[in-house]
Amino acid sequence: DLLATEPPAAVEAAPAPVAASSEAVGAAKPVKVKIAKTFRDCDSCPLMATLPGGAFMMGSPASEPGRNAYEGPQREVTIGKIAIGVHEVTADEWNACVADGACPPKRAPNRAPNRADDTGKLPALGVSWREANVYADWLSKETGRKYRLPTEAEGEYAARAGAPGAYWWGDRFDASRISTTAASAVGSFEANAFGLHDVLGNAREWVADCYVNNFAKAPTDGAAVTDGDCGRRVIRGGAWSSSPVDMRIANRSRVDVNVHAGYMGVRMAAETRK
């Protein structure tokens, strides 16, 4: 029941892709931020990074090439201290939940050609929104720490890592920084300024929010949107198969909560402890 491409009903039409370039250029420059700490609550748990709280401009400006109206209006959002996955949840990490009888098994994804990737280090794919929440609940039970999906605001804050432009490295697409042919082992490509890998590309990532078609009434405190189209939830980050315009940080779309799309993965958020 895996879908090879995004279902037409789930994705709004996008304009022509931003031209690809091998240059990491543009006005936007990543802000160098020192991660307070990383932790892993168990051997099979995701590696988490504790990010500082802060304010940022969420969404895309009207001047950004490839922008869609539902990526705005831009507004300042304040995020509290949060722990978020350094990587997308891997097949090995997901399979620990499967072995415990809590999560459904997932078919091994195709990996990038000519790469000696360990299949267990590939992102877990074909994960529905409902299954992602089952996995979060299982982690919470196993560790005693509250795990959950990040909110849309938290996801964008983590992906930007202080960068205001279209991509975390600048304003122009750079194919050398992401996987563009098939899923790759997590951590195969450069991290952003928060030390997070694959925030763009590799797998599309679920967030907690119900879908709304703009940010006009969205919370400014980092909370999830809990009204609107709750049968479809927001997805972020682009997949290896996405066009450059769909890998922009502000790009967003929606997918039904029960869909097991072959490009869909998940990145965990968790409570922090003093």
Side-chain angles (χ1 to χ4, degrees), residues 28 30-39 46 48-62 64 67-86 88 129-130 132-133 135-137 139-140 145-166 168 192-196 199-200 204-237 248-255 257 266-274:
V31 175
K32 299 301 182 184
V33 179
K34 182 179 180 181
I35 298 174
K37 64 176 180 178
T38 60
F39 64 87
M48 307 295 290
T50 302
L51 306 186
F56 78 110
M57 292 301 293
M58 184 173 177
S60 59
E64 185 170 299
R67 180 188 190 266
N68 295 293
Y70 45 80
E71 297 169 7
Q74 269 193 310
R75 77 255 192 260
E76 185 175 85
V77 175
T78 301
I79 302 294
K81 186 178 178 182
I82 183 177
I84 198 159
V86 173
E88 294 156 340
W129 185 86
R130 293 193 188 282
N133 282 276
Y135 177 75
D137 290 345
L139 275 178
S140 300
R145 185 194 300 268
K146 175 62 178 176
Y147 282 82
R148 58 176 174 81
L149 290 178
T151 68
E152 185 173 13
E154 290 168 343
E156 183 169 328
Y157 175 74
R160 287 194 178 281
W168 60 260
N192 71 1
F194 276 154
L196 308 180
V199 292
L200 305 179
R204 279 274 206 180
E205 298 176 13
W206 291 107
V207 294
D209 299 54
C210 302
Y211 180 80
V212 292
N213 63 6
N214 60 60
F215 295 141
K217 297 181 180 180
T220 58
D221 62 353
V225 172
T226 56
D227 55 8
D229 185 355
C230 293
R232 291 185 288 184
R233 300 289 173 143
V234 178
I235 59 175
R236 286 291 197 129
R248 292 175 302 111
I249 293 174
N251 179 257
R252 58 197 296 267
S253 191
R254 61 190 183 209
V255 171
V257 295
V266 62
R267 187 185 303 263
M268 285 287 100
E271 68 178 8
T272 58
R273 295 171 178 168
K274 294 181 180 180

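As the structure is a prediction and not an experimental result, all values here were calculated from the model.
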Asker: Determine whether a donor-acceptor pair (N or O, by modelled atom type, separation under 3.5 Å) exists between the side chain of Arg67 and the backbone of Ser60.
Answerer: yes

Asker: Is the NZ or CZ atom of Arg145 both under 6.0 Å from the centre of the six-membered ring of Phe39 and within 45° of that ring's axis?
Answerer: yes

Asker: Keeping the roles fixed (side chain from Glu154, backbone from Ile79), state whether a donor-acceptor pair exists under 3.5 Å.
Answerer: no

Asker: Closer than 3.5 angstrom, by distance alone: can the side chain of Arg254 be matched with the main-chain N or O of Arg232 as a donor-acceptor pair?
Answerer: no

Asker: Do Lys146 and Asp137 have side-chain heavy atoms sitting under 4.5 Å apart?
Answerer: yes

Asker: Taking all non-hydrogen atoms of both residues into account, name the closest pair between Phe56 and Ala153 and its distance.
Answerer: CZ-O, 3.5 Å

Asker: Out of the candidates Glu71, Met58, Met57, only one should pair with Glu156 under the side-chain contact (heavy atoms from CB on, under 4.5 Å) rule; please name it.
Answerer: Met58

Asker: Are any side-chain N or O atoms of Trp129 and backbone N or O atoms of Val207, one a donor and one an acceptor, separated by less than 3.5 Å?
Answerer: yes

Asker: Without swapping roles, check the side chain of Asn68 against the backbone of Tyr70 for a donor-acceptor pair under 3.5 Å.
Answerer: no

Asker: Less than 6.0 angstrom from the centroid, inside 45 degrees of the normal: does Arg75 satisfy that with respect to the ring of Phe215?
Answerer: yes

Asker: Taking only residues two or more places apart in sequence or in another chain, which ones pass salt bridge (Lys or Arg N to Asp or Glu O under 4.0 Å) with Glu152?
Answerer: Arg236, Arg252

Asker: Is it the case that the side chain of Ser140 and the backbone of Tyr147 share a donor-acceptor pair, with hydrogens and angles ignored and the cut-off at 3.5 Å?
Answerer: yes

Asker: Can you find a pair of side-chain heavy atoms, one from Val266 and one from Met268, that are under 4.5 Å apart?
Answerer: yes

Asker: Please answer whether the main-chain N or O of Ala158 pairs with a side-chain N or O of Asn192 as donor and acceptor at a distance below 3.5 Å.
Answerer: yes

Asker: Can you see which heavy atom on Val77 is nearest to which on Gly222, and at what distance?
Answerer: CG1-N, 3.6 Å

